[in-house]
Amino acid sequence: MDSCTVTLSGAPAVPVRLVFSDFNRLRWAIAALRVNAVLRAVLRRTAQAGAAPILIESLVLQHGGLGLLPASGACVVLWDGLNSLIELWQCHPALRQRSDLRYLHVGQLPEVDVALPPGSMGLYPLDAPLNEPMDSDLAQADPVAVPWPVRTRVAARRALRPCLNRLRQPERHQRLSAGGCLVFCGGVRPSQMTLDDLFRDGVLPALRQALQPLVGLPWDTQPTAARCALQQAFGHLRTVALGLVAAPPSPPLPAARTPAEWACLYTALNQLHRIGTLMALQASTPRLFVNEFQVHPHFDPYDAQAYGRNLFLDFGSTRGTEVLYPRRLDMAETRKPVASLRLLAPGESVAAWFRAHDWHAFQRRCEGDALSALASLGAMNPARTGP
């Protein structure tokens, strides 16, 4: 567990306690305080009401109990949105009765937000500008004062990350140091574990079975077979989505079932977009660099103060449509060049998107995003984009 107390600047200054399961999540929460003026205002009102403001992660409460929760004034961070809330309430059912708690979620979707308790809000603004300073080193007036040990630890990790990468994976480090690559590190094809997490509590069991062929999908070695599986998977997603749209309003569905289904559909769609776009890029350029979660050994270029001669692909969060999420924050704070390839605009309805797009439109979008990324790489470093 990592914790610290930061101070909201201004008159009066307001101390805010942060309690998170690891240091990465602690620094992502600090970034949220910097970019989310509405959240800072909420914490100031909490302090004015006589309570001690605290941001605490749901996983900390699940694993460590409720002893860290004050009588009032707590903001609970849900990194996986609705899924995190369901898990927390299953672990501590009494929290359902705590109307004083404010939930801060990552993963904003219109169809899902309606299922969250009153007063819930996105941890990050839905449409935050990415051209503003997000680090105290850049900001002229930092709205959050962070203890020097935390700032020093952040700077040291970013400086040392390339050194660790060079020791552990010298070939990959050398390739990114040379520059001229399109870079994506993260989940691409789902595994059994990620499918189980996606379809937890028996949500959409028929779709879960239909997406099973995506496990181990050879997107990078057998493009014809992979494209066929991708088309079938997209068809299943769209059929389920259109079915939810057309479902009669009665009898009413169990509480949170439909929002959980929409959250599941969005995550699966985001994964299909990643696969389709990466397949199109691989067919077009040798400059694609992919380090796939659960397939390749861990390699993190995002939180490194290096590798800025490459173009980093941003497919958005698998949880929602907000502009900012942890990986995008790391890219912004380390000043990485980014190609934004977001399938849905901030706040766009998942249902509306499925109504407007069939397989052919989706395929054209993946191919268009690949061409856009290649054009951006060529404009950034034309000498390094050839074969």
Side-chain angles (χ1 to χ4, degrees), residues 2-48 52-57 60 73-79 81 102-108 120-159 161 302-305 308 312 314 316-317 319-336 338 340 346:
D2 278 276
S3 63
C4 72
T5 297
V6 301
T7 304
L8 303 186
S9 305
V14 175
V16 180
R17 184 70 175 163
L18 307 181
V19 184
F20 287 82
S21 60
D22 61 44
F23 187 71
N24 280 334
R25 295 184 175 191
L26 177 72
R27 62 185 180 82
W28 292 331
I30 292 172
L33 289 174
R34 285 197 170 110
V35 300
N36 196 335
V38 175
L39 175 57
R40 295 197 302 271
V42 166
L43 296 171
R44 287 187 179 280
R45 289 196 297 270
T46 298
Q48 290 168 359
I54 180 172
L55 265 64
I56 187 167
E57 182 185 3
V60 171
C75 292
V76 180
V77 175
L78 308 171
W79 290 110
R102 183 182 291 269
Y103 292 99
L104 310 175
H105 60 286
V106 176
Q108 298 179 57
S120 299
M121 61 184 292
L123 180 62
Y124 305 107
L126 183 62
D127 196 7
L130 291 176
N131 58 349
E132 293 185 358
M134 284 191 227
D135 211 333
S136 58
D137 293 337
L138 300 175
Q140 295 180 353
D142 192 348
V144 182
V146 181
W148 71 264
V150 175
R151 289 186 282 110
T152 301
R153 188 175 175 187
V154 169
R157 284 162 57 99
R158 289 177 178 165
R161 178 76 69 183
Y302 297 111
D303 186 32
Q305 207 69 53
F312 288 75
D314 173 25
S317 168
R319 299 301 180 187
T321 62
E322 57 262 58
V323 169
L324 289 179
Y325 63 103
R327 181 184 289 127
R328 186 64 182 86
L329 279 166
D330 284 348
M331 288 188 275
E333 292 186 347
T334 55
R335 309 179 187 108
K336 299 287 195 302
V338 176
S340 182

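Numbers here simply count residues along the sequence, with the first being 1.
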Where is the tightest heavy-atom contact between [X] and [Y], given as atom of each residue plus distance?
X	Y	value
W79	A29	CH2-N, 4.3 Å
P15	A13	CD-O, 3.9 Å
E333	A31	OE2-CB, 3.6 Å
M331	V338	SD-CG2, 3.8 Å
P125	V35	CG-O, 3.5 Å
V38	M121	CG1-CE, 3.7 Å

Sequence neighbours left out, what passes side chain to side chain donor-acceptor pair (under 3.5 Å) with [X]? Give chain and number order.
X	answer
R157	N24
R161	none
Y302	none
Y124	none

Under the side chain to side chain contact (heavy atoms under 4.5 Å, CB included) test, residues paired with S317 that sit two or more places apart: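 Scan of S317 (side chain to side chain contact (heavy atoms under 4.5 Å, CB included), adjacent residues dropped) gives R319, Y325.
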Qualifying residues under side chain to side chain contact (heavy atoms under 4.5 Å, CB included), relative to S9, sequence neighbours excluded: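 Partners of S9 by the side chain to side chain contact (heavy atoms under 4.5 Å, CB included) criterion come out as none, since no residue qualifies.
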Is there side-chain contact between [X] and [Y], with at least one heavy-atom pair below 4.5 Å?
X	Y	value
V146	R34	yes
P147	V6	yes
L43	L55	yes
T5	V16	no
W28	F20	no
R102	V76	no
T321	L126	yes
L18	L33	yes

Straight-line distance of C75 SG to I56 CD1, nearest 0.5 Å: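 Reported to 0.5 Å precision, the distance equals 11.0 Å.
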From CG (L329) to CD1 (I30), nearest 0.5 Å: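 One gets 11.5 Å once the value is rounded to the nearest 0.5 Å.
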[X] side chain vs [Y] backbone, donor-acceptor pair below 3.5 Å:
X	Y	value
K336	D330	no
H105	L123	no
R25	V19	no

Residue pairs, two or more places apart or on separate chains, that pass salt bridge (Lys or Arg N to Asp or Glu O under 4.0 Å) and touch residues 2-16: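 For residues 2-16, and leaving out neighbouring residues, the salt bridge (Lys or Arg N to Asp or Glu O under 4.0 Å) pairs sorted by first residue read D2-R153.
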Any residue meeting salt bridge (Lys or Arg N to Asp or Glu O under 4.0 Å) with E322, in chain and number order, not counting sequence neighbours: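 In terms of salt bridge (Lys or Arg N to Asp or Glu O under 4.0 Å), with neighbours along the sequence ignored, E322 is linked to no residue.
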